[in-house]
Each structure stands twice: as structure tokens, then as C-alpha cells.
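Side chains included, hydrogens not; waters and symmetry mates left out as well; all remaining heavy atoms used. Counting starts at 1 for both ligands and their atoms, in listed order. Positions are given from 1 along the sequence.
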Amino acid sequence: MSRLFDPFEIGRLQLENRIVIAPMCQYSARDGTPGDWHMIHLGHLSLAGAGLMEIEATAVSAVGRITAGDLGLYSDESEAGIARVLAAVRAWSPTKVGIQLAHAGRKASSRVPWEGGAQVKSGEPGGWHAVAPSAVPHVDDEEPPLALDEAGLAQVRDEFVAAAKRAVRLGLDGIEVHAAHGYLLHQFLSPIANHRQDRYGGSLDNRLRFPLEVFSAVRAAVPPAIPLWVRVSATDWVPGAWDIDGTLAFAHALKERGCAAIHVSSGGVSPAQQIKLGPGYQVPFARRVKAEVGLPTIAVGLITEPEQAEAIIAGGEADAIGMARAILYDPRWPWHAAAKLGARVHAPPQYWRSQPREFKDLFDGARTGQR
Ligand SMILES: Cc1cc2nc3c(=O)[nH]c(=O)nc-3n(C[C@H](O)[C@H](O)[C@H](O)COP(=O)(O)O)c2cc1C
């Protein structure tokens, strides 16, 4: 019996299996609003057979977008755009759908990756002034962000809450708060980006304060049946900066506040990072969070092979696996994994006739007939 295809619960949310389609920015929205690209992209991924599909980093404000093409959930138009895509997905797929709520902080106002990804300065067409814990740019010669004052912090916290309420209204199954990859909440955690001298900077407790305030405010605004969890960078990959010990303290504090899971990634706050890349390179961080904090974890990062994913779950290293690049490359990855591991997977009836002869029991409930 495959453990990867065992059901799994995040909070009260039941998932058919432990494959999570990780959030992936598409930089293809207009004023935060998705269009046909999202219909195609999320539509086809929703047929993959994963237990959960996470909608990409979705900005809680226009200023919090990484690029002008980022998806947002801060206006009636963006909410209606997501509702349209979600209705189509729901009509044809049982995969649960979550959303990642995000604020880019000092990494906002960038060009899209296929235009080089560089900062767009505030005076340039399409650019705006980014906000951050401190007026410290991501890259030395960039325009520095504006440091948030107390009123600014309250505004960002309220924007997370407002976006979460929209997510609830949309009927999304779960919400992930993005505190990884060098974006705003990670910037508060990391001493590389957080140079504040007030109660939001300096000691570990102080650096945890704003991300925890945001989490608690969102948790209070979302019904208990909808799980809320957090994506973290377990380390900055820079000596003396944010690391696994801080991550464990953060995860403990999140658990006390009702966090349902931790999605364990790494890096993104500093161009000086020295990442030790390799298959499953972030899994050891997920294993420590699971073992030492006792929260369910999603491991992510270069998990590409069915046997590898199975071993991570069967070995108790994580409760679910996230996939990004490998599932873009092969959107039927869960079908192939189920076939290899002797499991069953959901496939739409329109595609049941594709079930290969040697895997007679692959698709849940599959049957065909004609006169
Ligand atoms: C096209 C693309 C877009 C991404 N966008 C996001 C995002 O919106 N939010 C996020 O937390 N990570 C994002 N990531 C990172 C992935 O979620 C994932 O953590 C990373 O790619 C490592 O997993 P992989 O080896 O399976 O690709 C993105 C990755 C890719 C390839």
C-alpha cells in the first residue's frame, strides 16, 4: 500500500492523497485579476490527481505584488476573477484548492522573470515604492524600500485579514500565509532585512512579532473549519542569519496560535545565499519541524521521483510533499506515481479510456461502455 496515496488532513480539511501542487507565480494577471491564462493553467493542473492545489502567491495589496503581473486578492475585480477560475475547477475536479496570501515587501516592483526580474524603480513606468521592515534594499545598488511605521504595519496586517475574508467568501479550502523566500514576513524574521530598533526588530522574539500578529489576525478572521498554515524559509543559507533554530521557535509559536501545518522551504532573502542543492534538499528541515514541533509538514524542493516521495512519507520525514517544477513539466505526475506505486488516483471520466492496459485499477471508479 502506498503511503503517498493515503488520505491526509490539514486541520479539518481532508485530502485524497499527500501530493500538493506548490504555489507558482504566473505573472499573468492584470491589476491583480486573473484571466484566461489562469483558467488554462489551474484548470489543467486541477486534473493532475493531486490532493491539494495551491494558487500562487496572491498579493494582499497592489504594493505587495512582486511584479505588475502578480495575482491579487485586494479588489472586487480580482475576487471575481478568481471566482470564475475556481468555479470551472470545481465543476470538473475534486482536488482541494488553497491559496497563498503574500506581500512581497522590499522585493516588490520587479520585472517579470522572462524580462530579467530586475527592480523597477518607483519613478519608472510600472514601478512603485516598495515597503519593508527597514529601508534596506534586497540588492545593494537598488532603490531602498520605505520602512513601515506602526500605522503601516497595521495597514498590512489588515490587508492580510481583508484578503483572507475574500478567500473565505470564495469558498477556498485552505489558506497559506507566505512567510518564505525573502518576502515581507520573512524580511521581518531575518536579521539580514530587519534592522529595526523597535519592538519588531532585534531579538528573536521581536522579529517573530509581526508575522505572528498577522497570523493571529488572519486566524481570528477565518472560520475554524478552514485551515490556515504558513510557508517558511527554514534557513537563509547565510551564516549567522535566519536558520532552523529560529524556524523551530516560529513554528512552536504558530502552533500555539492555531496553525494547521508548516510548508517548509528555504532561502530567498539574500543574494549571498549559498544553497546546498540536491534531491529533497529541504526535507531534513521538514523532518525537524515535524519531529520537534509536532505540526504536520509539507516538504518541498527537488522531489521529483515517485519512490523518493513515497520514502519521504513512509519514513515519517514529512506528511505531504509539495511539487512545483516537476509537475509543470509533467502535469500527470500523480497518475504516473500511482501507477508505479500500485495506488489509485482520481482522473476525470472524460480521460478514463486512457488508462493503460497494464494498470487496470489505476483510475478511481473508472468504467467505460458503449452500445
Ligand atoms: C514558476 C514558479 C513559480 C513559483 N512561485 C512561487 C510562489 O508563488 N510562492 C512560493 O512560495 N513559491 C513559489 N515557487 C517555488 C515553488 O513553490 C517551490 O517551492 C520550488 O520551486 C521548489 O520546488 P520544486 O523543486 O518542486 O520546483 C515557484 C516556483 C516556480 C518554478
Side-chain angles (χ1 to χ4, degrees), residues 4 18-29 32 34 37-38 40-42 44-45 48 50 52-60 64-67 69-73 82 97-105 107-108 110-115 117 163 167 174-187 189 211 229-235 237 247 261-269 273 275-286 289 297-306 308-309 312 318 320-331 333-334 337:
L4 183 64
R18 293 156 184 264
I19 301 168
V20 174
I21 300 177
M24 283 181 272
C25 284
Q26 297 299 298
Y27 315 104
S28 301
W37 174 253
H38 285 87
I40 295 167
H41 166 67
L42 293 171
H44 93 283
L45 285 180
L52 176 68
M53 174 171 76
E54 290 191 29
I55 298 176
E56 70 198 75
T58 302
V60 299
R65 293 172 301 166
I66 307 165
T67 76
D70 280 29
L71 189 60
L73 190 46
I82 294 175
V97 186
I99 193 164
Q100 186 186 51
L101 296 183
H103 191 301
K107 287 170 90 172
S110 308
R111 291 191 199 292
V112 299
W114 50 85
E115 287 170 8
I175 300 174
E176 176 174 284
V177 171
H178 197 353
H181 302 167
Y183 297 113
L184 183 74
L185 299 182
H186 182 188
Q187 289 160 26
L189 300 171
W229 67 93
V230 177
R231 197 173 223 210
V232 299
S233 278
T235 174
W237 298 108
T247 301
I262 306 287
H263 195 164
V264 186
S265 189
S266 72
V269 92
Q273 64 187 12
I275 303 185
K276 295 192 191 99
L277 277 178
Y281 67 108
Q282 294 168 154
V283 175
F285 300 125
V289 172
T297 55
I298 305 167
V300 69
L302 290 180
I303 301 170
T304 56
E305 306 307 317
Q308 177 198 15
I312 290 167
I321 57 112
M323 302 187 73
R325 290 164 292 184
I327 207 157
L328 278 191
Y329 190 70
D330 176 9
W333 191 94

Below 3.5 Å, can you tabulate the donor-acceptor pairs from side chains in residues 97-105 to any protein atom, sequence neighbours excluded?
| residue | atom | partner | partner atom | Å |
| --- | --- | --- | --- | --- |
| Gln100 | OE1 | Ala57 | N | 3.3 |
| Gln100 | NE2 | Glu176 | OE2 | 2.9 |
| Gln100 | NE2 | His178 | ND1 | 3.4 |
| His103 | ND1 | Gly105 | N | 2.9 |

Any idea which atoms of ligand 1 are less than 4.0 Å away from a heavy-atom of Ala22? 17 (O)

With heavy-atom distances below 4.5 Å as the criterion, would you say the side chains of Gln26 and Leu71 are in contact? no

Close side-chain approach of Thr247 to Thr235, heavy-atom, < 4.5 Å: no

Proximity to ligand 1 by part of His178, non-hydrogen separation under 4.0 Å: side chain

Considering distance alone, does some N or O of Ala326 sit under 3.5 Å from an N or O of ligand 1? no

Correct closest heavy-atom pair for Thr297 and Ala318 would be OG1-CA, 3.4 Å

Between Pro23 and ligand 1, does any nitrogen or oxygen pair lie at a separation below 3.5 Å? yes

Among all protein heavy atoms in this structure, tell me which lies nearest to atom 27 (O) of ligand 1, with the distance rounded to 0.1 Å. Arg325 NE, 2.7 Å

Indicate yes or no: at least one non-hydrogen side-chain atom of Leu185 is less than 4.5 angstrom from one of Arg231. no

Near Gln100 (heavy-atom distance under 4.0 Å), the atoms of ligand 1 are 7 (C), 8 (O), 9 (N), 10 (C), 11 (O)

Min heavy-atom dist Gly301 to ligand 1 below 4.0 Å: yes

Which of the numbered atoms in ligand 1 are below 4.0 angstrom from a heavy atom of His181? 10 (C), 11 (O), 12 (N)

Kindly indicate whether the side chain of Val20, heavy atoms from C-beta on, has any atom under 4.5 Å from the side chain of Val300. no

Return the OH to OG1 distance between Tyr329 and Thr304, rounded to the nearest 0.5 Å. 12.0 Å

Do any N/O atoms on Met323 end up under 3.5 angstrom from N/O atoms on ligand 1? no

Taking the side chain as every heavy atom from C-beta outward, state whether Val269 and Ser233 have any pair of such atoms under 4.5 Å apart. no

Protein residue, atom and distance nearest to atom 1 (C) of ligand 1, heavy-atom basis: Cys25 O, 4.1 Å

Kindly give the heavy-atom pair with the smallest separation between Leu302 and Gln308, and that separation in Å. O-NE2, 3.0 Å

Do any nitrogen or oxygen atoms of Ala57 come within less than 3.5 Å of a nitrogen or oxygen of ligand 1? yes

Nearest non-hydrogen protein atom, atom 10 (C) of ligand 1: Arg231 NH1, 3.1 Å

Is Glu56 close to ligand 1, meaning an N/O of one under 3.5 Å from an N/O of the other? no

For atom 29 (C) of ligand 1, which protein heavy atom lies nearest, and how many Å away is it? Met24 CG, 4.1 Å

Is ligand 1 less than 4.0 angstrom away from at least one heavy atom of Ile303? no

Give the residue, atom name and distance (to 0.1 Å) of the protein heavy atom nearest atom 21 (O) of ligand 1. Ala324 CB, 3.5 Å

Trp237: partners by ring pair (Phe, Tyr, Trp, His ring centres under 6.0 Å), with sequence neighbours left out: Phe285

